[in-house]
Peer 1: 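Before we start, here is the structure in question, set down as structure tokens.
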Amino acid sequence: MSLSKCFEILGKYYPSFLLGVRTTLIVAFIGTFIGFLIGLFVGGIRAIRPDKTARSSSVIFKKIVDIFIKIYVEVFRGTPMMVQAVFIYYLVYTNIVRWDKMFAAIFVISINTGAYMAEIIRSGIQAVDPGQNEAARSLGMSSMQTMMDVILPQAIKNAFPAIGNELIVNIKDSSVLMIISITELMFQSNSIAGTTYRFTETYFVTAMIYLCLTSLSSVVLNAIEKRLNNTKTSLPQSDTSFKSISIAKEDL
Amino acid sequence: MAIIEVKGVRKGFDGLHVLKGIDFSIEKGEVVCLIGPSGSGKSTMLRCINLLEDIDAGKIVVLGQDISEIRDINAYRSKVGMVFQQFNLFNNMNVLDNCTLAQKRVLKRSEEDAKKIAMEHLLKVGMVDFANAYPSTLSGGQKQRVAIARALCMDPEILLFDEPTSALDPEMVGEVLNVIRQLADEDMTMLIVTHEMAFARDVADKVVFMDGGIVLEEGRPDDIFNHPKNERTRQFLARII
Ligand SMILES: Nc1ncnc2c1ncn2[C@@H]1O[C@H](COP(=O)(O)OP(=O)(O)OP(=O)(O)O)[C@@H](O)[C@H]1O
Ligand SMILES: [Mg+2]
């Protein structure tokens with residue numbers, strides 16, 4: 001392997017690499033974000049415990065929903081994303097609609113990430129002190145209000161490192177989505193290697209680009225995490241600026 | 001008029017009988033201290049009144065209504081304030097937001113109204129200067145005073161305290177007890193589980209002694225502390241004072 005060859009390939013094919021980086025980042029970011037929303041929803045539902053005073057019909061309904069969630073999580077965590085991608089892509093393509101590859105890729109990575117996020121959010125919720133729930137309920141807040149205003153913000157903060165890790169995993173693992181021929185970094189690299197016949201050098205460049213993307217993401221995520229811990233808040237609640245408080249004081 | 005009447009209340013957890021027929025009542029403006037050894041069911045009793053637990057038998061009547069028949073449990077809970085041993089301030093928001101959240105969500109007060117009311121109560125408990133502070137930066141005594149202000153913001157008919165000073169360093173007990181004493185002077189109706197006997201003697205209109213899931217003795221503090229009739233009460237007081 002020669003380093004000068006690597007630079008040569010990078011210099012010559014950088015537009016292709018850049019397109020790959022662009023697609024990879026789009027798929028990884030959108031997939032992580034939608035996966036996060038799925039995780040909030042699914043993990044939140046999973047963590048709800050019916051009240052001591054709840055009706056038995058709603059308890060049974062909750063049990064059935066839990067079973068479906070469990071199946072979803074097990075299936076998507078228990079099979080390779082590459083297999084999920086081809087299966088879902090062709091399933092929809094041949095039976096329902098000739099859908100866009102890029103759309104299919106984002107769809108697959110989102111529901112795949114959602115399965116992991118659901119578990120991350122669920123354990124984040126379980127790590128929140130049960131006293132937080134009791135205090136909110138004792139003030140008359142509903143279980144939904146308690147979840148949205150008190151429990152989830154703390155759960156997200158607890159789980160932030162694991163949530164951020166999913167982004168890094170997705171930057172790397174979106175490479176398997178080349179199987180459905182979207183122009184992400186791995187797919188682009190394959191084409192470049194196929195043209196140059198310099199496999200070692202091409203994939204070395206590819207590896208370095210992935211490493212840059214993941215390191216950069218780590219740095220940004222660490223900075224965000226530090227901020228979360230410093231301000232001791234995770235989601236802004238309301239205007240508590242000095243001005244509004246001094247107004248309230250004057251009103252007394 | 002009795003604000004709370006507890007009649008023959010029984011409650012168990014998987015075969016463990018915790019409350020075995022509890023009777024007592026609280027009049028409007030009265031301060032009742034609930035004392036008794038660990039495990040006697042005091043916390044369970046408070047949780048039943050707040051509907052955090054449901055009872056197996058008996059009846060709890062609050063403001064003339066049997067609470068097992070209440071439809072809107074959340075509206076009911078907002079009128080029965082609860083102060084916990086571990087404070088349980090919302091960690092993800094500052095002191096002011098702790099006090100305004102339930103006002104906005106449950107009582108549907110506007111942001112300005114909620115803030116104004118919160119500041120009034122924070123002033124009362126001496127925490128107005130900490131409105132912007134996050135719970136993790138406060139001492140235990142400060143947290144508990146905020147927790148009391150948060151409960152007061154809902155205009156409760158009664159406040160339930162579960163060992164409000166047990167988790168505090170000794171030097172902070174006084175500041176919290178003073179706030180409760182001040183509420184007693186303002187005729188707030190309160191049911192207080194406490195191990196602070198000097199405080200109970202001083203502030204209570206009535207003392208209820210619970211042991212093994214039943215009320216063994218109740219009466220005016222002077223009678224309970226100076227002339228306990230029951231042998232178990234005598235032993236408990238001798239041990240704790
Ligand atoms: N959710 C629960 N499930 C099972 N057992 C419980 C539960 N809550 C309380 N208990 C049991 O009920 C008994 C009474 O508990 P409770 O907390 O009411 O006592 P207490 O008088 O408040 O005691 P302490 O002074 O230690 O706070 C204890 O033996 C406790 O283990
Ligand atoms: Mg207790």
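Chain A is the first sequence line, chain B the second, and so forth, proteins listed ahead of strands; every chain is numbered from 1.
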Peer 1: Quick one: closest heavy-atom pair of B/A102 and A/L139, and the distance?
Peer 2: CB-CB, 3.7 Å
Peer 1: What's the spacing between B/N92 CG and A/Q132 CD if we round to 0.5 Å?
Peer 2: 7.0 Å
Peer 1: Tell me whether the count of non-hydrogen atoms from other residues, nucleotides or ligands lying under 6.0 Å of CE in A/M208 goes above 12.
Peer 2: yes
Peer 1: How close do B/M93 and A/D149 get, counting heavy atoms only, and between which atoms?
Peer 2: CE-O, 3.5 Å
Peer 1: Inspect the surroundings of NE2 in B/H195 and state if more than 12 heavy atoms from other residues, nucleotides or ligands are less than 6.0 Å away.
Peer 2: yes
Peer 1: Quick one: CG on A/N158 to CG on B/N91, what's the gap to the nearest 0.5 Å?
Peer 2: 9.5 Å
Peer 1: Taking atom CZ of B/R105 and atom CE of A/M148, what is their separation to the nearest 0.5 Å?
Peer 2: 9.5 Å
Peer 1: When you look at NZ of A/K70, are more than 12 heavy atoms from neighbouring residues, nucleotides or ligands closer to it than 6.0 Å?
Peer 2: no
Peer 1: Rounded to the nearest 0.5 Å, how far apart are OG of A/S142 and CD1 of B/I73?
Peer 2: 12.0 Å
Peer 1: For B/V83, which atoms come within 4.5 Å of any heavy atom of chain A: side chain, backbone, both, or neither?
Peer 2: neither
Peer 1: Rounded at 0.5 Å granularity, tell me how far CZ in B/R47 sits from CD in A/E134.
Peer 2: 4.0 Å
Peer 1: Side chain, backbone, both or neither: which part of B/L122 has a non-hydrogen atom closer than 4.5 Å to chain A?
Peer 2: neither
Peer 1: With a 6.0 Å cut-off (strictly less than), is the heavy-atom count around OH of A/Y210, excluding the residue itself, greater than 12?
Peer 2: yes
Peer 1: Relative to chain A, which segment of B/F90 carries a heavy atom at a distance below 4.5 Å: side chain, backbone, both, or neither?
Peer 2: both
Peer 1: If you define the side chain from C-beta out and look only at heavy atoms, does anything of A/M141 sit under 4.5 Å from B/L101?
Peer 2: yes
Peer 1: Give, for atom OG of A/S138 and atom CZ of B/R150, the distance between the pair rounded to the nearest 0.5 Å.
Peer 2: 6.5 Å
